[in-house]
Number of protein chains: 2
Amino acid sequence: MEPSPPPTRTRLIDVANAAGVTKSVASRALNGDSTLNVRKETRVRIFEAASTLGYEPHAGAKALAGSRTRALALLLPDLTNAVYARIARGAYQQARERGFVVLLAEDTEDSRAQSDYTDLVGAGRVEGLLIASAREGHPLLESGRLDKVPHVFVNRSVAESNRNVSVDLMGASSTAFRYLYELGHRNMGHISGPGDLMPAREREHGFLEEAKSAGVAVPAVARAAYSEAGGYEGAQQLMSENPEITAIYAGTFSQSVGALSALHALGKRIPADVSLLSYDDLPIAAYLEPPLTTMALPLQELGGAAVDALIDQLHGAKPRDVILAGQAAIIERASTGRLHTEQIHQGMGNIGSGTTDQRPDPIHDSRYATEPPSSALARSRPKRTIKKRGSND
Amino acid sequence: MEPSPPPTRTRLIDVANAAGVTKSVASRALNGDSTLNVRKETRVRIFEAASTLGYEPHAGAKALAGSRTRALALLLPDLTNAVYARIARGAYQQARERGFVVLLAEDTEDSRAQSDYTDLVGAGRVEGLLIASAREGHPLLESGRLDKVPHVFVNRSVAESNRNVSVDLMGASSTAFRYLYELGHRNMGHISGPGDLMPAREREHGFLEEAKSAGVAVPAVARAAYSEAGGYEGAQQLMSENPEITAIYAGTFSQSVGALSALHALGKRIPADVSLLSYDDLPIAAYLEPPLTTMALPLQELGGAAVDALIDQLHGAKPRDVILAGQAAIIERASTGRLHTEQIHQGMGNIGSGTTDQRPDPIHDSRYATEPPSSALARSRPKRTIKKRGSND
DNA sequence: CTGAAAGCGCTTACAG
DNA sequence: CTGAAAGCGCTTACAG
């Protein structure tokens with residue numbers, strides 16, 4: 001029943017003895033204390049001793065003695081969400097780079113948020129928090145407990161926190177708008193997220209603002225769940241209430257997939273009748289029908305930047321917002337196309353009727369009336385190359 | 001520069017004082033020491049004091065003093081892989097349930113595996129390891145360092161480790177085979193993973209074995225990367241080398257997506273010409289064209305079972321394999337169908353020729369000649385309901 | 001410039 | 001049945 005503690009761990013005293021110095025000196029040398037004055041030779045001897053003895057300082061002891069724990073916690077709303085998975089990867093990698101270890105918390109329920117906080121911060125396990133799970137009214141925000149611990153909000157904007165690390169969502173959305181605008185679209189729709197989610201609001205806002213300043217009709221907005229089903233409903237709603245729409249910008253990849261499906265079901269040709277642009281890019285985008293045009297976002301970088309910002313705070317820097325700007329790129333595939341004059345007059349006419357025109361080849365790409373995009377081409381040569389990593393089932 | 005330590009933490013001595021007992025008694029009461037003999041009343045007083053003072057024991061101090069750290073590390077090969085994301089979720093939740101915290105390590109490179117190990121186990125941060133990232137020749141396996149720490153392999157089978165926690169991959173594959181077999185298919189193909197990956201080998205083995213015992217032609221196997229591109233190539237290879245194939249079983253979801261695309265490109269109708277069955281189920285499956293028939297696996301449960309097995313080891317139990325059996329379920333959508341007599345004679349004839357028959361409605365579902373599956377139906381009513389969780393951008 | 005010592009917050013034999 | 005004390009492995013003033 002008694003789990004054996006590591007039989008015999010090498011301690012600081014062991015390396016001190018081996019190097020012929022005292023614990024204090026060894027400790028300070030190993031920790032790079034700049035006020036320590038020893039001959040280079042001695043220092044080298046200490047490091048060599050540590051290395052040959054395989055010295056690995058006990059994290060708990062260090063923490064107890066008042067040193068850093070070199071641990072961060074990452075609070076995620078949903079591990080299986082591709083966006084967060086990439087943020088997590090970026091955070092993890094940068095943390096490692098900086099010598100930190102990361103604790104995970106999937107903060108799905110509010111109740112959990114409390115006990116997570118207790119076990120991570122309360123127990124002195126971590127020095128700071130990367131929070132990607134904050135919503136308005138999130139218990140952690142309300143409780144004021146955060147005041148005591150360094151933290152940053154990732155992909156979130158908590159007003160006046162000065163701790164928001166995010167991509168330029170509004171900028172991304174305005175890029176999205178301009179892209180569709182330049183293709184000739186003037187009647188657009190946007191599938192947004194649930195009202196209480198912060199990134200959704202910003203995306204939406206940026207998109208609408210840009211439309212206003214371009215002087216076109218304010219895009220219709222459907223707010224729906226961040227899921228395929230949500231996108232399906234969102235697109236349905238958008239098209240039934242605004243049949244004049246020729247382009248849809250969907251706020252998440254999942255929603256785009258659902259929207260694609262809904263548009264098909266409505267008998268819409270993509271992009272001949274309606275163009276579809278997805279926020280966020282995933283490999284699978286190239287394999288949908290039609291291959292989806294997307295916005296690629298620096299999510300991994302976002303995670304890394306959040307870690308940097310948090311570590312800055314640990315070093316005493318004043319918290320400040322950081323926005324990863326100018327990095328959203330459109331990856332053009334086949335779901336978006338130039339507006340046709342005929343589209344302008346289609347409007348209502350097409351709704352629910354199903355198109356009956358006979359197209360030459362019913363297989364696969366056949367349904368693209370506009371600039372038939374070779375899907376094979378789109379697949380093998382996205383405008384921008386996304387770095388691939390080995391996947392590993 | 002100096003980060004402020006939590007201004008004034010409540011310590012054990014504080015609650016002891018408040019309850020009018022000594023630290024020893026408080027400690028033992030709080031930790032549920034059964035050899036402690038105190039009046040129930042005293043015990044209650046201690047717990048109340050702890051609670052009103054907001055006592056949160058310092059994890060580092062506990063660890064130092066020889067107690068458990070109540071922390072586990074999860075070594076993942078790829079966070080962005082949906083399979084691992086769900087395993088991670090299950091592990092995380094079960095760990096929390098059992099009072100453990102989980103440290104994350106995305107073990108993409110071998111070099112990282114070493115330093116991860118050092119910082120997690122060496123530093124005494126965690127009591128045990130959940131390893132989902134082991135390949136043959138993985139540095140952790142070779143180094144023998146694992147001997148010193150409780151660990152289990154998740155979704156992995158390391159021979160003779162007696163620590164493998166996995167779904168019954170062979171069973172799943174044989175279910176896959178039987179499903180296709182019962183639809184009438186006799187010539188099948190399998191898209192497997194890279195040769196050195198363990199789950200791939202088991203899936204493959206189970207599928208082939210079942211074919212042998214059913215007395216049908218041994219399925220052709222294409223080994224390809226775990227990605228859409230891999231699936232694309234795998235399907236191409238399979239069909240070009242074995243034009244008689246009427247059903248394909250793909251080893252991962254990504255591969256299935258690629259295979260779907262390749263089959264379309266080859267002019268194959270799905271499932272009229274070729275049925276496609278995917279290992280692993282994801283919401284997006286219902287929105288592909290055609291909606292993909294998949295095998296749903298208890299991945300979250302797998303993560304939870306791994307945590308349980310590991311904690312058992314921490315409690316001194318002898319390591320043993322655990323297999324989550326009999327849980328793979330086919331979710332039938334539209335990518336699989338009954339074999340038609342005409343299919344048997346098609347063979348080579350269809351390759352690359354593209355089909356020219358005129359079907360009534362070129363839109364969407366039109367291309368399913370067999371049992372035209374209403375994709376809307378398949379979408380809204382999968383055979384088995386998958387629990388949905390709120391997604392949260 | 002270096003070493004002896006106190007102390008971080010806990011647990012656990014061991015005395016009483 | 002309960003309390004005093006040692007000790008886990010470190011860091012960091014503080015003396016010398």
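A note on names: the letters A, B, ... follow the listed sequences, proteins ahead of strands, and every chain is numbered from 1.
Closest heavy-atom contact between B:V322 and B:A309: CG1-CB, 4.1 Å. Between B:A73 and B:L120, the closest heavy-atom pair is CB-CD1, 3.7 Å. Nearest approach of B:L72 to B:F100, heavy atoms of both residues: CD1-CD2, 3.4 Å.
Taking atom CD on A:E41 and atom P on C:dC1, their separation rounds to 16 Å, with Å as the unit. Computed from coordinates, the A:D14 CG to D:dG9 C1' distance equals 10 Å when rounded to whole Å. Following rounding to the nearest Å, A:R11 (CZ) and D:dT11 (P) show an atom-to-atom distance of 14 Å. Across the protein-nucleic acid pair, A:E56 atom CD and D:dC10 atom P stand 11 Å apart, rounded to whole Å. Atom CD1 in A:I46 sits roughly 12 Å away from atom P in D:dT11 (whole-Å rounding). As rounded to whole Å, 10 Å separates atom P of D:dA13 from atom CG of A:D33. In this structure, CG of A:L64 is placed 17 Å from P of D:dG7, rounded to the nearest angstrom. The nearest whole Å value for the distance from the NE2 atom in B:H58 to the C1' atom in C:dT11 is 14 Å.
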Strictly under 3.5 Å: I want the nitrogen or oxygen pairs between protein and nucleotides 2-6 of chain D, one per line.
unit_1	atom_1	unit_2	atom_2	d
D:dT2	OP2	B:N37	O	2.1
D:dG3	OP2	B:T22	OG1	3.3
D:dA4	N6	B:S24	OG	2.5

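Listed nucleotides: C:dT11, C:dC10, D:dC10. Nearest to the side chain of B:N31: C:dT11.
Checked by atom type and distance alone, the side chain of B:R45 pairs as donor or acceptor with a backbone atom of B:A19 at under 3.5 Å.
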Can you check side chain to side chain contact (heavy atoms under 4.5 Å, CB included) on B:V38 and B:R28, steps first, answer last? CA-CA 10 Å; B:V38 282; B:R28 293 167 66 192; over 6 Å; no
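The salt bridge (Lys or Arg N to Asp or Glu O under 4.0 Å) test with B:E127 singles out one residue from B:K148, B:R70, B:K62, B:R68, and that residue is B:R68.
In this entry C:dC1 has D:dG16 as its Watson-Crick or G-U wobble partner, both defining distances falling under 3.5 Å.
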